[in-house]
*Asks:* 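Pasting a structure below so you can have a look.
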There are 2 protein chains.
Amino acid sequence: MSANSRLTIAAHALAWIGLYQRQGHEVATSEQIATSANTNPVVIRRLLGELRRAGLVESRRGVGAGWSLARELGSMTLLDVYEAVEPGPLFAMHRTTPDQGCVVGYGIQPAMQGIYEGIEETLRRELARVTLANVLRDVLAASR
Amino acid sequence: MSANSRLTIAAHALAWIGLYQRQGHEVATSEQIATSANTNPVVIRRLLGELRRAGLVESRRGVGAGWSLARELGSMTLLDVYEAVEPGPLFAMHRTTPDQGCVVGYGIQPAMQGIYEGIEETLRRELARVTLANVLRDVLAASR
DNA sequence: GACTGTCGTAACAATTAATGTTGCGACTGC
DNA sequence: GCAGTCGCAACATTAATTGTTACGACAGTC
(Lines give C-alpha, C1' and ligand atoms only; values in the text may rest on other atoms or scores of the structure.)
Protein backbone atom coordinates (compact mmCIF):
# COMPACT_ATOMS: atom_id res chain seq x y z
CA MET A 1 0.00 0.00 0.00
CA SER A 2 1.46 3.23 1.16
CA ALA A 3 4.64 4.43 -0.50
CA ASN A 4 5.10 6.21 2.74
CA SER A 5 8.10 5.85 4.99
CA ARG A 6 7.63 9.00 7.04
CA LEU A 7 6.94 7.20 10.29
CA THR A 8 9.96 4.96 9.78
CA ILE A 9 12.31 7.86 9.03
CA ALA A 10 10.97 9.90 11.91
CA ALA A 11 11.56 7.01 14.31
CA HIS A 12 15.03 6.59 12.84
CA ALA A 13 15.85 10.25 13.45
CA LEU A 14 14.55 10.23 17.01
CA ALA A 15 16.44 7.05 17.88
CA TRP A 16 19.58 8.53 16.35
CA ILE A 17 19.32 11.76 18.33
CA GLY A 18 18.53 9.84 21.50
CA LEU A 19 21.53 7.57 21.16
CA TYR A 20 23.81 10.46 20.24
CA GLN A 21 22.75 12.41 23.29
CA ARG A 22 23.23 9.35 25.43
CA GLN A 23 26.81 9.40 24.22
CA GLY A 24 27.24 12.85 25.67
CA HIS A 25 26.61 15.10 22.68
CA GLU A 26 24.41 18.14 22.95
CA VAL A 27 22.83 18.32 19.52
CA ALA A 28 22.69 16.33 16.31
CA THR A 29 22.74 17.92 12.87
CA SER A 30 20.35 17.11 10.04
CA GLU A 31 23.45 16.28 8.03
CA GLN A 32 24.48 13.48 10.41
CA ILE A 33 21.00 12.01 10.60
CA ALA A 34 20.61 12.21 6.84
CA THR A 35 23.84 10.24 6.40
CA SER A 36 22.59 7.51 8.72
CA ALA A 37 19.20 7.37 7.02
CA ASN A 38 20.79 7.66 3.59
CA THR A 39 18.73 10.57 2.46
CA ASN A 40 18.90 14.33 2.04
CA PRO A 41 19.34 16.70 5.00
CA VAL A 42 16.39 18.78 3.89
CA VAL A 43 14.12 15.76 4.11
CA ILE A 44 15.24 15.28 7.70
CA ARG A 45 14.76 18.95 8.52
CA ARG A 46 11.25 18.84 7.13
CA LEU A 47 10.35 15.83 9.23
CA LEU A 48 12.00 17.15 12.39
CA GLY A 49 10.23 20.44 11.83
CA GLU A 50 6.93 18.60 12.14
CA LEU A 51 8.15 16.83 15.25
CA ARG A 52 9.16 20.16 16.72
CA ARG A 53 5.68 21.52 16.11
CA ALA A 54 4.43 18.55 18.10
CA GLY A 55 6.82 19.31 20.93
CA LEU A 56 9.00 16.23 20.55
CA VAL A 57 12.28 17.89 19.55
CA GLU A 58 13.92 21.30 19.70
CA SER A 59 16.33 23.00 17.36
CA ARG A 60 19.06 25.58 17.80
CA ARG A 61 20.38 27.88 15.15
CA GLY A 62 23.68 29.59 14.64
CA VAL A 63 27.07 28.04 15.27
CA GLY A 64 26.86 24.70 17.06
CA ALA A 65 23.29 24.41 15.85
CA GLY A 66 21.33 21.20 15.61
CA TRP A 67 18.54 19.12 17.05
CA SER A 68 17.87 17.73 20.49
CA LEU A 69 15.06 15.85 22.18
CA ALA A 70 12.44 17.92 23.96
CA ARG A 71 11.37 14.95 26.09
CA GLU A 72 12.69 11.59 27.20
CA LEU A 73 12.41 8.85 24.56
CA GLY A 74 10.50 6.83 27.12
CA SER A 75 7.72 9.41 27.18
CA MET A 76 7.23 9.50 23.42
CA THR A 77 5.09 6.92 21.68
CA LEU A 78 4.84 5.99 18.04
CA LEU A 79 1.36 7.49 18.17
CA ASP A 80 2.85 10.89 19.00
CA VAL A 81 5.16 10.55 16.04
CA TYR A 82 2.43 9.20 13.77
CA GLU A 83 0.11 12.09 14.53
CA ALA A 84 2.88 14.60 14.02
CA VAL A 85 3.93 13.18 10.73
CA GLU A 86 0.98 11.56 8.97
CA PRO A 87 -1.53 14.00 7.58
CA GLY A 88 -4.60 12.12 6.50
CA PRO A 89 -6.66 9.08 7.43
CA LEU A 90 -5.49 5.56 6.80
CA PHE A 91 -8.11 4.65 4.20
CA ALA A 92 -9.40 7.10 1.65
CA MET A 93 -12.88 7.56 0.29
CA HIS A 94 -13.75 7.78 -3.41
CA ARG A 95 -11.83 10.56 -5.09
CA THR A 96 -14.98 11.70 -6.87
CA THR A 97 -18.28 11.66 -4.98
CA PRO A 98 -20.30 8.60 -5.94
CA ASP A 99 -23.76 8.78 -7.51
CA GLN A 100 -25.99 10.27 -4.79
CA GLY A 101 -29.06 9.07 -6.67
CA CYS A 102 -28.02 5.46 -6.06
CA VAL A 103 -28.75 3.88 -2.70
CA VAL A 104 -25.27 2.42 -2.46
CA GLY A 105 -23.59 5.53 -3.77
CA TYR A 106 -25.47 7.57 -1.21
CA GLY A 107 -24.84 5.37 1.80
CA ILE A 108 -21.39 3.97 1.17
CA GLN A 109 -19.34 6.88 2.45
CA PRO A 110 -21.01 7.28 5.85
CA ALA A 111 -20.93 3.51 6.24
CA MET A 112 -17.25 3.15 5.49
CA GLN A 113 -16.40 6.26 7.47
CA GLY A 114 -17.88 4.70 10.58
CA ILE A 115 -16.07 1.43 10.03
CA TYR A 116 -12.75 3.09 9.30
CA GLU A 117 -12.97 5.27 12.37
CA GLY A 118 -13.19 2.26 14.62
CA ILE A 119 -10.24 0.64 12.91
CA GLU A 120 -8.10 3.77 13.13
CA GLU A 121 -8.89 4.01 16.81
CA THR A 122 -7.52 0.51 17.28
CA LEU A 123 -4.44 1.41 15.27
CA ARG A 124 -3.85 4.40 17.52
CA ARG A 125 -4.07 2.28 20.61
CA GLU A 126 -1.45 -0.06 19.20
CA LEU A 127 0.87 2.76 18.24
CA ALA A 128 0.48 4.27 21.68
CA ARG A 129 1.79 1.09 23.26
CA VAL A 130 5.26 1.48 21.72
CA THR A 131 7.60 4.13 23.09
CA LEU A 132 10.63 5.44 21.27
CA ALA A 133 12.70 3.97 24.09
CA ASN A 134 11.33 0.59 23.04
CA VAL A 135 12.35 1.33 19.49
CA LEU A 136 15.89 2.29 20.44
CA ARG A 137 16.19 -0.81 22.61
CA ASP A 138 15.14 -3.00 19.69
CA VAL A 139 17.51 -1.16 17.38
CA LEU A 140 20.45 -1.83 19.67
CA ALA A 141 19.39 -5.44 20.19
CA ALA A 142 19.71 -6.06 16.46
CA SER A 143 23.41 -5.25 16.46
CA ARG A 144 24.36 -8.16 18.74
CA MET B 1 -1.77 9.35 4.26
CA SER B 2 -2.60 6.91 1.53
CA ALA B 3 -4.15 8.27 -1.63
CA ASN B 4 -5.66 4.88 -1.81
CA SER B 5 -9.34 4.18 -2.13
CA ARG B 6 -9.11 0.63 -3.42
CA LEU B 7 -10.67 -0.94 -0.35
CA THR B 8 -13.50 1.60 -0.40
CA ILE B 9 -14.28 1.08 -4.07
CA ALA B 10 -14.08 -2.69 -3.76
CA ALA B 11 -16.53 -2.64 -0.85
CA HIS B 12 -18.77 -0.33 -2.88
CA ALA B 13 -18.75 -2.75 -5.81
CA LEU B 14 -19.50 -5.79 -3.67
CA ALA B 15 -22.32 -4.05 -1.84
CA TRP B 16 -23.75 -2.93 -5.17
CA ILE B 17 -23.68 -6.42 -6.66
CA GLY B 18 -25.11 -7.89 -3.48
CA LEU B 19 -28.03 -5.47 -3.43
CA TYR B 20 -28.67 -5.88 -7.14
CA GLN B 21 -28.80 -9.64 -6.81
CA ARG B 22 -31.10 -9.32 -3.83
CA GLN B 23 -33.44 -7.46 -6.18
CA GLY B 24 -33.57 -10.51 -8.41
CA HIS B 25 -30.95 -9.76 -11.05
CA GLU B 26 -28.46 -12.37 -12.12
CA VAL B 27 -25.38 -10.30 -12.89
CA ALA B 28 -24.19 -6.71 -12.66
CA THR B 29 -22.08 -5.02 -15.32
CA SER B 30 -18.94 -3.04 -14.69
CA GLU B 31 -20.69 -0.18 -16.44
CA GLN B 32 -23.47 -0.07 -13.86
CA ILE B 33 -21.12 -0.26 -10.93
CA ALA B 34 -18.86 2.37 -12.43
CA THR B 35 -21.81 4.73 -12.74
CA SER B 36 -22.68 4.26 -9.08
CA ALA B 37 -19.06 4.72 -7.99
CA ASN B 38 -18.59 7.60 -10.43
CA THR B 39 -15.53 6.15 -12.11
CA ASN B 40 -14.45 4.29 -15.20
CA PRO B 41 -15.68 0.75 -15.96
CA VAL B 42 -12.13 -0.44 -16.54
CA VAL B 43 -11.19 0.57 -13.02
CA ILE B 44 -14.03 -1.57 -11.73
CA ARG B 45 -13.08 -4.49 -13.94
CA ARG B 46 -9.53 -4.35 -12.67
CA LEU B 47 -10.63 -4.36 -9.06
CA LEU B 48 -13.23 -7.07 -9.56
CA GLY B 49 -10.61 -9.10 -11.40
CA GLU B 50 -8.54 -9.13 -8.23
CA LEU B 51 -11.58 -10.09 -6.19
CA ARG B 52 -12.26 -12.91 -8.62
CA ARG B 53 -8.72 -14.19 -8.16
CA ALA B 54 -9.47 -14.26 -4.45
CA GLY B 55 -12.67 -16.23 -5.04
CA LEU B 56 -15.09 -13.52 -3.96
CA VAL B 57 -16.83 -12.88 -7.27
CA GLU B 58 -17.36 -14.58 -10.62
CA SER B 59 -17.73 -13.17 -14.10
CA ARG B 60 -19.50 -14.31 -17.22
CA ARG B 61 -18.65 -13.28 -20.73
CA GLY B 62 -20.63 -12.98 -23.92
CA VAL B 63 -24.12 -11.57 -24.16
CA GLY B 64 -25.77 -11.09 -20.78
CA ALA B 65 -22.31 -10.99 -19.29
CA GLY B 66 -21.43 -9.44 -15.95
CA TRP B 67 -20.41 -10.05 -12.38
CA SER B 68 -21.95 -12.02 -9.57
CA LEU B 69 -21.01 -12.92 -6.02
CA ALA B 70 -19.19 -16.20 -5.53
CA ARG B 71 -20.18 -16.33 -1.86
CA GLU B 72 -22.70 -14.81 0.49
CA LEU B 73 -21.90 -11.27 1.60
CA GLY B 74 -22.14 -12.52 5.16
CA SER B 75 -19.19 -14.85 4.62
CA MET B 76 -16.88 -12.17 3.22
CA THR B 77 -14.95 -9.90 5.54
CA LEU B 78 -13.17 -6.65 4.85
CA LEU B 79 -9.97 -8.58 5.50
CA ASP B 80 -10.70 -10.84 2.53
CA VAL B 81 -11.20 -7.77 0.39
CA TYR B 82 -8.18 -5.98 1.83
CA GLU B 83 -5.87 -8.87 1.13
CA ALA B 84 -7.24 -9.27 -2.39
CA VAL B 85 -6.82 -5.63 -3.20
CA GLU B 86 -3.95 -4.14 -1.21
CA PRO B 87 -0.51 -5.19 -2.37
CA GLY B 88 2.06 -4.08 0.17
CA PRO B 89 2.42 -3.58 3.88
CA LEU B 90 0.84 -0.68 5.73
CA PHE B 91 4.06 1.11 6.66
CA ALA B 92 7.06 1.23 4.39
CA MET B 93 10.74 1.05 5.22
CA HIS B 94 13.35 3.50 3.94
CA ARG B 95 13.36 3.64 0.16
CA THR B 96 17.16 3.46 0.15
CA THR B 97 18.90 1.18 2.63
CA PRO B 98 20.23 3.17 5.58
CA ASP B 99 23.92 3.33 6.50
CA GLN B 100 24.78 -0.17 7.65
CA GLY B 101 27.92 1.12 9.31
CA CYS B 102 25.80 3.08 11.78
CA VAL B 103 24.27 1.27 14.74
CA VAL B 104 20.90 2.88 14.20
CA GLY B 105 21.04 2.49 10.44
CA TYR B 106 21.83 -1.18 10.92
CA GLY B 107 19.22 -1.99 13.53
CA ILE B 108 16.32 0.24 12.60
CA GLN B 109 14.78 -1.90 9.89
CA PRO B 110 14.55 -5.16 11.83
CA ALA B 111 13.28 -3.21 14.83
CA MET B 112 10.53 -1.43 12.93
CA GLN B 113 9.68 -4.55 10.99
CA GLY B 114 8.92 -6.38 14.21
CA ILE B 115 6.81 -3.55 15.55
CA TYR B 116 4.90 -3.08 12.31
CA GLU B 117 4.12 -6.76 12.04
CA GLY B 118 2.37 -6.72 15.37
CA ILE B 119 0.36 -3.68 14.40
CA GLU B 120 -0.66 -5.11 11.05
CA GLU B 121 -1.82 -8.25 12.76
CA THR B 122 -4.11 -6.17 14.93
CA LEU B 123 -5.38 -4.35 11.87
CA ARG B 124 -6.18 -7.65 10.23
CA ARG B 125 -8.15 -8.81 13.23
CA GLU B 126 -10.21 -5.63 13.09
CA LEU B 127 -10.87 -5.94 9.38
CA ALA B 128 -11.87 -9.57 9.85
CA ARG B 129 -14.61 -8.52 12.25
CA VAL B 130 -16.56 -6.64 9.60
CA THR B 131 -18.46 -8.63 6.98
CA LEU B 132 -19.69 -7.22 3.71
CA ALA B 133 -23.20 -7.94 4.95
CA ASN B 134 -22.45 -5.50 7.78
CA VAL B 135 -21.31 -2.97 5.22
CA LEU B 136 -24.45 -3.31 3.11
CA ARG B 137 -26.61 -3.02 6.21
CA ASP B 138 -24.85 0.21 7.19
CA VAL B 139 -25.17 1.49 3.65
CA LEU B 140 -28.91 0.94 3.64
CA ALA B 141 -29.25 2.41 7.11
CA ALA B 142 -27.81 5.69 5.86
CA SER B 143 -30.67 6.21 3.40
CA ARG B 144 -33.33 6.42 6.09
C1' DG C 1 -22.61 -17.29 -39.63
C1' DA C 2 -23.06 -12.39 -38.71
C1' DC C 3 -24.39 -9.32 -34.83
C1' DT C 4 -24.37 -7.49 -30.25
C1' DG C 5 -22.92 -6.59 -25.63
C1' DT C 6 -19.59 -7.22 -22.16
C1' DC C 7 -15.44 -8.92 -20.31
C1' DG C 8 -10.01 -9.16 -20.50
C1' DT C 9 -6.16 -6.82 -21.07
C1' DA C 10 -2.67 -3.89 -22.83
C1' DA C 11 -0.95 0.64 -23.57
C1' DC C 12 -0.68 5.12 -22.41
C1' DA C 13 -2.05 9.67 -20.22
C1' DA C 14 -3.23 12.29 -16.15
C1' DT C 15 -3.10 13.08 -11.45
C1' DT C 16 -1.32 13.09 -6.95
C1' DA C 17 1.84 12.41 -3.09
C1' DA C 18 6.20 11.69 -1.48
C1' DT C 19 10.90 12.38 -1.93
C1' DG C 20 15.15 14.53 -3.66
C1' DT C 21 17.78 18.73 -4.82
C1' DT C 22 19.39 23.43 -5.06
C1' DG C 23 19.64 27.90 -3.43
C1' DC C 24 19.77 31.46 -0.27
C1' DG C 25 18.50 34.22 3.70
C1' DA C 26 18.47 34.05 8.96
C1' DC C 27 20.55 33.22 12.96
C1' DT C 28 24.34 32.83 16.50
C1' DG C 29 28.65 32.11 18.50
C1' DC C 30 33.48 33.14 17.63
C1' DG D 1 33.02 39.79 9.56
C1' DC D 2 33.14 34.65 9.34
C1' DA D 3 31.51 29.97 9.55
C1' DG D 4 28.18 26.48 10.27
C1' DT D 5 23.52 25.13 10.43
C1' DC D 6 18.69 25.81 10.36
C1' DG D 7 14.29 27.63 7.73
C1' DC D 8 12.07 27.68 3.84
C1' DA D 9 10.80 28.19 -0.88
C1' DA D 10 10.99 26.53 -5.49
C1' DC D 11 11.51 23.06 -8.54
C1' DA D 12 12.75 18.27 -10.28
C1' DT D 13 12.27 13.39 -9.81
C1' DT D 14 10.02 9.23 -8.76
C1' DA D 15 6.35 6.10 -7.92
C1' DA D 16 1.61 4.70 -7.38
C1' DT D 17 -2.97 5.17 -8.44
C1' DT D 18 -6.45 6.33 -11.35
C1' DG D 19 -8.48 7.50 -15.81
C1' DT D 20 -8.92 6.62 -20.79
C1' DT D 21 -8.82 4.45 -25.24
C1' DA D 22 -8.58 0.61 -27.99
C1' DC D 23 -9.33 -3.87 -29.47
C1' DG D 24 -9.60 -8.85 -29.30
C1' DA D 25 -12.22 -12.82 -27.00
C1' DC D 26 -16.29 -14.75 -25.84
C1' DA D 27 -21.20 -16.30 -25.87
C1' DG D 28 -25.62 -15.88 -26.63
C1' DT D 29 -29.38 -14.30 -30.38
C1' DC D 30 -31.16 -13.68 -34.76
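The sequence lines fix the lettering, A, B, ..., with proteins before strands; numbering per chain opens at 1. Keep in mind the model is a prediction, meaning the values are calculated, not measured.
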*Asks:* Mind checking whether B:His94 and A:Asn38 have side chains closer than 4.5 Å, heavy atoms only?
*Replies:* no
*Asks:* State which of C:dT6, D:dC6, C:dT16 makes the closest approach to the side chain of B:Ala65.
*Replies:*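 Closest nucleotide among those given: C:dT6.
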*Asks:* For the hydrophobic clusters of this structure (ILVMFWY residues joined by side-chain heavy atoms under 4.5 Å, transitively), does one cluster hold both B:Leu123 and B:Ile115?
*Replies:*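 As far as the 4.5 Å side-chain criterion goes, B:Ile115 and B:Leu123 are connected within one cluster.
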*Asks:* Would you say A:Ser59 reaches D:dG7's phosphate, i.e. side-chain N/O to OP1/OP2 under 4.0 Å?
*Replies:*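 Indeed, a polar side-chain atom of A:Ser59 lies that close.
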*Asks:* If you count heavy atoms of other groups shown closer than 6.0 angstrom to CZ of B:Arg137, is the number above 12?
*Replies:*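 Yes.
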*Asks:* With a 4.0 Å limit, can you tell me whether B:Ser30 has a side-chain N or O closer than that to the phosphate oxygens OP1/OP2 of C:dC7?
*Replies:* yes
*Asks:* What integer distance in Å separates A:Ile9:CD1 from C:dA18:P?
*Replies:*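 Going from CD1 in A:Ile9 over to P in C:dA18 covers 14 Å.
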*Asks:* Could you check whether atom CD of B:Glu26 has more than 12 heavy atoms from other residues, nucleotides or ligands sitting under 6.0 Å from it?
*Replies:* no
*Asks:* Rounded to whole Å, how long is the line connecting atom CD of B:Glu31 with atom P of C:dT4?
*Replies:* 18 Å
*Asks:* Figure out the NE2/C1' separation between A:His94 and D:dT17, and round it to whole Å.
*Replies:*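 Interatomic distance, NE2 of A:His94 to C1' of D:dT17: 15 Å.
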*Asks:* Given atom CG of B:Leu51 and atom C1' of C:dG8, what is their separation to the nearest angstrom?
*Replies:*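 One finds 15 Å between C1' of C:dG8 and CG of B:Leu51, rounded.
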*Asks:* Kindly write out the residues that satisfy ring pair (Phe, Tyr, Trp, His ring centres under 6.0 Å) with A:Tyr20, not counting sequence neighbours, or none if the list is empty.
*Replies:* A:Trp16, A:His25
*Asks:* B:Ser59 versus B:Leu48: any side-chain heavy-atom pair under 4.5 Å?
*Replies:* no
*Asks:* Please give, in whole Å, the distance from C:dG20 C1' to A:Asn38 CG?
*Replies:*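 Distance check: A:Asn38 CG to C:dG20 C1' gives 12 Å.
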*Asks:* Look at atom CD of A:Glu121 and say whether more than 12 heavy atoms of other residues, nucleotides or ligands are closer to it than 6.0 Å.
*Replies:* yes
*Asks:* Specify the separation, in whole Å, of atom CG of B:Leu48 and atom C1' of C:dT6.
*Replies:*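 Checked: the CG to C1' distance equals 13 Å.
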*Asks:* More than 12 foreign heavy atoms under 6.0 Å from CD of B:Glu72: is that the case here?
*Replies:*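 For B:Glu72, atom CD is not crowded (no more than 12 foreign heavy atoms under 6.0 Å).
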*Asks:* Distances for protein N/O vs nucleotides 27-30 of chain C N/O pairs under 3.5 angstrom?
*Replies:*
unit_1	atom_1	unit_2	atom_2	d
C:dC27	O2	A:Gly62	N	3.3
C:dT28	O2	A:Val63	N	3.1

*Asks:* Kindly say if B:Ser5 contacts the phosphate of D:dT17, meaning a side-chain N or O under 4.0 Å from OP1 or OP2.
*Replies:* no
*Asks:* Can you tell me how far P of C:dG20 sits from CD1 of A:Ile44, to the nearest Å?
*Replies:*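 For the pair A:Ile44 CD1 and C:dG20 P, the rounded distance is 9 Å.
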*Asks:* Quick one: is B:Arg6 getting a side-chain N or O under 4.0 Å of the D:dT18 phosphate, OP1 or OP2?
*Replies:*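 Answer yes for this pair, as a side-chain N or O of B:Arg6 is under 4.0 Å from OP1 or OP2.
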*Asks:* Under 4.0 Å, heavy atoms only, any strand: does A:Gly64 hit a base, just the sugar-phosphate, or nothing?
*Replies:*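 Since no nucleic acid heavy atom lies under 4.0 Å of A:Gly64, the category is nothing.
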*Asks:* Whole angstrom is fine here: how far is it from CZ in B:Arg52 over to C1' in C:dT6?
*Replies:*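 Distance check: B:Arg52 CZ to C:dT6 C1' gives 13 Å.
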*Asks:* Between B:Thr96 and B:Gly66, which residue's closest nucleotide on DNA chain C lies nearer the 5′ terminus?
*Replies:* B:Gly66
*Asks:* Do other residues, nucleotides or ligands put more than 12 heavy atoms under 6.0 Å from A:Tyr106 OH?
*Replies:*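 Atom OH in A:Tyr106 is not crowded, with 12 or fewer foreign heavy atoms closer than 6.0 Å.
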*Asks:* Name the pairs: protein N/O against N/O of nucleotides 20-23 of chain D, kept only if under 3.5 Å.
*Replies:*
none

*Asks:* What I'd like to find out is whether the side chain of B:Gln113 reaches to under 4.5 Å of the side chain of B:Glu117, using heavy atoms alone.
*Replies:*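 A side-chain contact exists here, since the closest heavy-atom pair is under 4.5 Å.
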